[in-house]
Number of protein chains: 2
Amino acid sequence: MHKYSKQTRILVAVDCIIFGFDGNELKLLLIKRGFEPQKGHWSLMGGFVEPGESMDAAANRILLKLTGLDKVYMEQLYAFGNPERDPLERTISVVYFALLDLNKYKDQLSDQFQAAWFPLKKIPKLIFDHHDMVNMARAKLRYKASLHPILFELLPEKFTLPQLQNLFEEVYNTSFDKRNFSRKILSTGLLLKLTEKDKDSSRKGAFYYKLDKKHYKANFHNILRFIPNPNDFI
Amino acid sequence: MHKYSKQTRILVAVDCIIFGFDGNELKLLLIKRGFEPQKGHWSLMGGFVEPGESMDAAANRILLKLTGLDKVYMEQLYAFGNPERDPLERTISVVYFALLDLNKYKDQLSDQFQAAWFPLKKIPKLIFDHHDMVNMARAKLRYKASLHPILFELLPEKFTLPQLQNLFEEVYNTSFDKRNFSRKILSTGLLLKLTEKDKDSSRKGAFYYKLDKKHYKANFHNILRFIPNPNDFI
DNA sequence: CATTATAGGTGTCAAAATAACACTTATTAA
DNA sequence: TTAATAAGTGTTATTTTGACACCTATAATG
């Protein structure tokens with residue numbers, strides 16, 4: 001079993017930063033930690049990596065446990081390895097972040113974990129170095145979303161341009177000119193206009209769009225300039 | 001010591017992908033593995049994370065052992081955690097990549113590890129999943145260098161515009177128009193023109209430049225478009 | 001039924017950035 | 001003196017950008 005006999009084995013955890021958009025605000029899914037140390041404090045959803053389980057598998061297992069769903073956009077963010085980060089025992093945490101449409105998962109959160117959505121502006125005190133993780137994830141989200149069409153993962157399948165712009169404005173904490181915004185977004189060819197309108201948020205109604213999946217996948221890695229000067233908004 | 005008593009502890013390694021530029025080619029520093037399994041095969045420089053040591057500290061220790069130097073540009077790339085990746089025992093590897101001026105370190109490589117530089121086009125067979133690591137690092141280098149002035153880390157303190165262009169062309173395996181290239185690079189304000197010329201590579205000689213360190217640090221995170229369509233070159 | 005309030009949707013223009021393109025210059029070796 | 005070589009530079013047409021203001025569709029109101 002232990003073939004590299006002289007080496008020290010270390011606890012490895014996975015923590016998930018789960019971003020959700022409710023159509024208005026960008027939020028984070030947090031849980032009340034169920035065991036010591038720091039039992040009862042707010043925390044990212046995490047767990048230890050099990051034998052025979054890859055990092056991705058661990059992250060997906062944890063996400064499934066919390067939200068009840070898989071097939072959510074998720075990517076590895078960073079490995080946090082400060083030896084003091086967990087005061088009880090040295091633990092390395094490999095952090096993932098996920099993006100999802102909050103409304104889709106609202107009613108199926110596992111009660112077991114006392115999970116709750118918090119607006120990014122009102123994050124409670126978190127355990128350990130979880131604030132550092134969240135900050136890095138926010139920076140990464142902004143960075144990546146300024147270049148790649150990643151924010152669609154936070155929206156429902158059908159969405160309107162005002163909703164999309166609202167999401168961008170929420171992420172970058174600024175506002176954009178709607179004429180320039182729609183020109184830039186539509187020029188990517190990623191969106192298909194539907195005939196149906198959303199009549200909930202205005203009298204006139206706003207046309208729904210959906211992603212042109214084929215185009216989306218093909219162009220996902222292309223570098224687009226969604227945000228003029230992303231660093232102005234950090 | 002083991003407070004989370006029911007959890008499995010795992011071996012954690014750090015592997016370093018060390019890119020070096022010799023003025024002509026982009027190369028990778030590899031070693032002959034000194035222990036089983038796969039003893040004698042080419043490998044990235046790596047080692048196990050020690051108790052009380054952070055990930056960054058482990059990566060720097062490993063780099064120091066191999067090249068004899070610290071203060072080299074290095075960043076974390078990804079945590080590789082496929083449970084089968086090391087056939088002897090499950091090991092998670094947190095991978096870092098470093099950029100350095102190959103000529104600066106040429107003569108001080110530790111003999112102990114039988115280290116050698118390999119052009120990226122002629123990488124030998126590597127152990128485990130080290131090829132995946134290298135491929136991810138190359139993609140990351142291209143991605144990042146298309147947006148940020150990161151390639152200067154591969155050059156000596158004084159360098160000429162033709163040398164810099166040559167490096168970009170090596171990284172992207174293409175060629176650029178030198179008029180447009182120099183316009184774009186100089187427009188960043190990152191470079192200071194020196195009065196001295198490099199007379200080695202031409203009769204006329206090419207002016208040396210150096211980084212304007214202050215400007216470099218202030219603008220490092222800004223997104224610049226060094227490469228028109230980076231994805232065309234992947 | 002006419003009016004009003006509201007958010008959605010669209011076009012122009014000047015400025016800036018880009019990509020394509022070719023000639024002159026400095027220097028050394030012959 | 002000449003020839004060879006790589007360095008260095010400027011123009012133009014096209015595209016992209018950012019700033020800006022008005023009209024439209026609809027539901028609610030009186």
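Proteins get letters first, then strands, A, B, ... in listed order; numbering begins at 1 in each. Just the heavy atoms: all of them, side chains too, but no hydrogens, waters or symmetry mates, feed the values below.
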**Prompt:** In whole angstrom, what separates A/F226's CZ from D/dG18's P?
**Reply:** 14 Å
**Request:** Consider the side chain of B/D177, meaning its heavy atoms from C-beta on, and name the nucleotide among C/dT18, C/dC21, D/dA7 that approaches it most closely.
**Result:** C/dC21
**Message:** Heavy-atom nearest nucleotide on DNA chain C for A/R183 versus A/G205: which residue maps closer to 5'?
**Reply:** A/G205
**Message:** Is the phosphate of C/dA19 approached by B/K184 (side-chain N or O, under 4.0 Å from OP1 or OP2)?
**Reply:** yes
**Message:** Quick check on DNA chain D: between B/N180 and B/T160, whose nearest nucleotide comes earlier from the 5' end?
**Reply:** B/T160
**Message:** Under the criterion side-chain hydrogen bond (donor to acceptor under 3.5 Å, both in side chains), I'd like the reasoning laid out for B/D56 against B/Y96: C-alpha separation, chi angles, the key distance, then a yes or no.
**Reply:** CA-CA 9 Å; B/D56 289 6; B/Y96 281 74; 2.4 Å; yes
**Request:** Using the six-membered ring of B/F207, assess whether NZ or CZ of B/K193 lies under 6.0 Å from its centre and within 45 degrees of the ring axis.
**Result:** yes
**Asked** Is there side-chain contact between B/M74 and B/F97, with at least one heavy-atom pair below 4.5 Å?
**Response** no
**Side chain of A/K199 - closest among C/dA26, C/dC21, D/dT26** = D/dT26
**Message:** From C-beta outward on B/R203, which listed nucleotide comes closest to its side chain: D/dA19, D/dA4, C/dT18?
**Reply:** D/dA4
**Donor-acceptor pair, side chain of A/Q108 and main chain of A/L69, under 3.5 angstrom** = no
**Message:** Nearest whole Å is fine: how far is C/dT18 P from A/I223 CD1?
**Reply:** 14 Å
**Item:** Candidate nucleotides D/dT9, C/dG9, D/dG8, ranked by approach to the side chain of B/S182 - the nearest
**Value:** D/dT9
**Asked** Does B/K204 get its side chain close enough to the base of D/dT5, under 3.5 Å, for a donor-acceptor pair?
**Response** no
